[in-house]
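So the structure is just underneath, and the comments pick up after that.
Everything numeric in this text was worked out from a predicted model, so none of it was measured.
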Amino acid sequence: MIETILSVGLFFFIYWGAMVFGYYVSEFCVKPFGLFDVYPWVCRKCATTQTMIALYIAGAIILSSWWFFLCGMGIALAQAECFIITEKKKGLQ
């Protein structure tokens with residue numbers, strides 16, 4: 001029971017942490033010719049998606065759980081698709 005609660009807590013902590021990390025890295029840490037001036041970090045949707053994928057894989061390895069991995073990949077890909085749809089509606093692409 002406690003393992004399930006901790007797994008759900010870790011799942012949402014990774015989601016929240018990746019959203020915040022992706023936003024701050026893409027908005028404030030990208031400087032010309034800097035360390036983060038490469039493709040995955042320059043745009044918010046790429047930084048967030050790549051961070052989510054990496055953290056959900058790490059969490060699945062730590063917990064040895066296929067369900068954590070599959071749900072994490074589903075959430076990461078759904079979030080990336082939401083970013084794409086939002087940008088298309090705004091007319092940014």
Side-chain angles (χ1 to χ4, degrees):
M1 175 79 174
I2 192 75
E3 292 175 8
T4 305
I5 294 171
L6 290 175
S7 296
V8 171
L10 178 64
F11 191 85
F12 287 110
F13 179 75
I14 288 174
Y15 179 80
W16 176 79
M19 294 291 286
V20 170
F21 179 78
Y23 173 75
Y24 280 114
V25 166
S26 65
E27 293 293 323
F28 301 114
C29 294
V30 175
K31 294 177 177 51
F33 306 109
L35 180 64
F36 292 107
D37 191 25
V38 291
Y39 173 65
W41 307 115
V42 253
C43 71
R44 185 168 61 101
K45 67 180 179 187
C46 301
T48 303
T49 304
Q50 295 295 328
T51 304
M52 277 187 188
I53 289 173
L55 290 177
Y56 281 127
I57 289 173
I61 290 171
I62 290 170
L63 296 175
S64 300
S65 172
W66 280 101
W67 286 109
F68 194 87
F69 172 75
L70 292 175
C71 292
M73 292 303 108
I75 290 292
L77 295 176
Q79 185 67 39
E81 187 65 30
C82 290
F83 279 141
I84 291 169
I85 290 170
T86 304
E87 287 184 4
K88 283 184 181 178
K89 284 186 177 181
K90 288 181 182 178
L92 297 176
Q93 280 186 337

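Here the side chains of Phe69 and Tyr56 are not in contact, with every heavy-atom distance at 4.5 Å or above.
Residues passing the ring pair (Phe, Tyr, Trp, His ring centres under 6.0 Å) test with Phe83: none are found, sequence neighbours excluded. A search for side-chain contact (heavy atoms from CB on, under 4.5 Å) contacts involving Thr49 returns Ile53, Ala80, not counting sequence neighbours. Residues that satisfy the side-chain hydrogen bond (donor to acceptor under 3.5 Å, both in side chains) test with Gln79, not counting sequence neighbours, are Tyr15. Remark: Phe13 engages no residue in a ring pair (Phe, Tyr, Trp, His ring centres under 6.0 Å) (not counting sequence neighbours).
Grouped by direct or indirect side-chain proximity (heavy atoms under 4.5 Å, Ile/Leu/Val/Met/Phe/Trp/Tyr only), Ile62 sits alone. When hydrophobic residues (I, L, V, M, F, W, Y) are linked wherever their side-chain heavy atoms come within less than 4.5 Å, the members clustered with Ile2 are Leu6.
No path of Ile, Leu, Val, Met, Phe, Trp and Tyr side chains, each step under 4.5 Å between heavy atoms, connects Trp67 with Leu63, placing them in separate hydrophobic clusters. The hydrophobic clustering, which links ILVMFWY residues whose side-chain heavy atoms are closer than 4.5 Å, places Leu10 and Phe21 apart. Following chains of ILVMFWY side-chain contacts shorter than 4.5 Å, one can reach Trp66 starting from Ile14, so the two form part of one hydrophobic cluster.
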Discussion item. Quick one, Thr51 with Met19, criterion side-chain contact (heavy atoms from CB on, under 4.5 Å). Give me CA distance, side-chain angles, the key distance, then yes/no.
Written reply: CA-CA 8 Å; Thr51 304; Met19 294 291 286; over 6 Å; no

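Expressed to the nearest 0.5 Å, how far CG of Leu77 lies from CE of Met52 amounts to 10.5 Å. Here the CZ atom belonging to Phe12 is positioned 7.0 Å from the CD1 atom belonging to Ile75, to the nearest 0.5 angstrom.
Considering all non-hydrogen atoms of both residues, Thr48 and Gly22 come closest at OG1-CA, 3.6 Å.
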